[in-house]
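Each chain gets a letter, A, B and so on, in the order its sequence line appears, and its residues count up from 1.
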Protein chains: 2
Amino acid sequence: MTTSTPRPRASLGDYRAIARALRDEITAGRYRPGDQIPSERALAAEHGAARNTAREAIAELRREGLVIAKHGRGVFVRDRPRWMRFGRRRYSAAMRSSSELGPFGAEAIAQGRAPHVDSTITRAEAAPDVATRLGIEPGAAIVRRENWYFADGEPVQVGITFAPWHIVEDTPLADSADMGPEGIYGQFSARGHVITYIREEISARMPSREEAERMQIPDGVPVIDLWHTGIDAARLPFEVTHFVMRADSTALDYDMPVEEQ
Amino acid sequence: MTTSTPRPRASLGDYRAIARALRDEITAGRYRPGDQIPSERALAAEHGAARNTAREAIAELRREGLVIAKHGRGVFVRDRPRWMRFGRRRYSAAMRSSSELGPFGAEAIAQGRAPHVDSTITRAEAAPDVATRLGIEPGAAIVRRENWYFADGEPVQVGITFAPWHIVEDTPLADSADMGPEGIYGQFSARGHVITYIREEISARMPSREEAERMQIPDGVPVIDLWHTGIDAARLPFEVTHFVMRADSTALDYDMPVEEQ
DNA sequence: CACGTCACCTGGCTCAAGCCAGTTTGACAC
DNA sequence: GTGTCAAACTGGCTTGAGCCAGGTGACGTG
């Protein structure tokens, strides 16, 4: 300690107060999306607090997803990303034939964003998660199709599709990224599996560190974790897809009859 | 500074390293749910770091939802909460008549947890959010039924139901918590609105500070934000409910036909 | 004009110290 | 035995210092 001053107990020195002040200014529109907020050092001076305290206030706003810090550049108010909505209709035949882009591309364009998909296709063995949903034995041969979906160059969701190998064998499903004009469900149709019912299991959680890095998810943004199962007219599951979606830019939207079909 | 020692740059002094070490011990089962992990001071000593650094490591684990800190007592490994699943069936007539508890109570009991609901019923005016979903004018008279759902005494979700006043007038819906044996949808049925379709708009986000406090949501746990609309056989919406659910203990589970009914 | 380089910003992280407020525990008085 | 109260723990928060690394722009040199 420099001197033995009893530390005058700073006037307000509360990181929550600083956070609140900033939050208010942001929500009031004094700082707009993309604007830079004062630096940690400036905030500290302004509030008569230590830099660490200002830093803690900023950490709180980051956790809330209000701001985003860029090393060496500053802290900026987050853009409220545009929402992309997905629901039951993305699987309908109408959607399928109306667009070469698939449901993701169609929604992206509807939101004025440029879609782009990266695919990696491999053969694999069914993990228990997948096997139970497909009604097959764990370890059975499957195809694994990992798709990264980008809007305006930003990754917004990943979907990993699994299907039994005996269904996809000798079709583009087994090894090609190009699903033709009818998309992936057109290919399954051609093999006799018309998507008729879907099951969607939805939860949310914080991304793992790895997911946060690969999807460039800022602090304070959760992900939607969605297991989708495609079921054919014979009530047999033929495909499951595990989606992980940025929750700040994705909403799910379902309408359905209440009673059993 | 006490002296002008050049600070020997701690051996590892990385909060991420400490966090990783702890995380590994937790996932490996060395610390089990409910166990107390070493105190901030002990961790710091153990790793030859400053207490602040150990503290930062713990903060990371809290954000990840792995541990929970109790002031004055210590830091404990979180119990993995049991999941409650909700889906389309909770609105079905079968569910309605089978249980006096409603879908929440039924699911809680299925999970071996004791359900409990707190209700506050008021008359209000429709906010734009609500009005557009109900297809009425903003500001129109509505009933507002706020329900807090508890499992084993812990609040796990809130649902605020809104319905037009002209529908609920002179029924228990307008002012009573007791919905009778058929539950809330039984009451709507009696007024000519049989729930036939539902629309569910789902997203996820971090809880606000206030929500986190009222629902006792630990750090690092997001919430599922669900707008539910009840639609009758004439395709008219008669009720909307805004749910906020702890995402670490709630999953949504829908199965539905792909095509329009 | 192009290109480097360097000062000066930014946030990221750490340290060592200290005060405060909850919680537990055990010694001591009654 | 029962109650009380203080000591010794816990986490919560703050200070002010310092080093590091990324980013930017002015300035100077070729």
Does Arg41(B) have any side-chain contact (heavy atoms from CB on, under 4.5 Å) partners at least two apart in sequence or in another chain, and if so, which? Ser39(B), Arg51(B)

Going by the rule side-chain hydrogen bond (donor to acceptor under 3.5 Å, both in side chains), which residues pair with Gln111(B) if we only count those two or more places apart in sequence or in a different chain? Glu107(B)

The side chain of Val75(B) is closest to which nucleotide in this list: dG11(C), dG11(D), dC15(C)? dG11(D)

Taking ring-ring contact (aromatic ring centres under 6.0 Å, His included) as the definition, give me every residue that meets it alongside Tyr31(A), ordered by chain and number, with sequence neighbours left out. none

Output all residues satisfying side-chain contact (heavy atoms from CB on, under 4.5 Å) with Ala19(A), sequence neighbours left out; order by chain, then residue number. Arg23(A), Ala57(A), Glu60(A), Leu61(A)

Can you tell me if CZ on Arg20(B) sees more than 12 non-hydrogen neighbours from other groups inside 6.0 Å? no

For DNA chain C, find the residues of residues 34-43 of chain B with a heavy-atom distance under 4.0 Å and give them by number; none if there aren't any. none

Under 3.5 Å, is there an N or O donor on one side and an acceptor on the other linking the side chain of Arg51(B) and the base of dG18(C)? yes

By side-chain hydrogen bond (donor to acceptor under 3.5 Å, both in side chains) - contacts of Arg205(A) (at least two apart): Glu211(A), Asp225(A)

Could you tell me which residues satisfy side-chain contact (heavy atoms from CB on, under 4.5 Å) with Ala124(A), sequence neighbours excluded, listed by chain and number? Ile142(A), Arg144(A)

Interface polar pairs with nucleotides 4-6 of chain D, N/O, under 3.5 angstrom:
none

For Glu56(B) and Ile58(A), take the nucleotide of DNA chain C holding the closest heavy atom to each; which residue's nucleotide lies nearer the 5' end? Ile58(A)

Quick one: side chain to side chain donor-acceptor pair (under 3.5 Å) pairs with a partner in residues 117-129 of chain B, sequence neighbours left out? His116(B)-Asp118(B), Ser119(B)-Asn147(B)

Hits for side-chain contact (heavy atoms from CB on, under 4.5 Å) against Ala69(B), two or more places apart or cross-chain, chain-then-number order -> Arg62(B), Val75(B)

Residues in side-chain hydrogen bond (donor to acceptor under 3.5 Å, both in side chains) with Thr161(B), at least two apart? Thr241(B)

So, OP1 or OP2 of dG12(D): does either fall under 4.0 Å of a side-chain N or O from Arg62(B)? yes

Heteroatom pairs (N/O) under 3.5 angstrom, protein to nucleotides 21-25 of chain C:
residue: dA21(C); atom: N3; partner: His71(B); partner atom: NE2; Å: 3.0
residue: dG22(C); atom: N2; partner: Gly72(B); partner atom: O; Å: 3.0
residue: dT23(C); atom: O4'; partner: Gly72(B); partner atom: O; Å: 3.4
residue: dT24(C); atom: OP1; partner: Arg73(B); partner atom: NH1; Å: 3.2

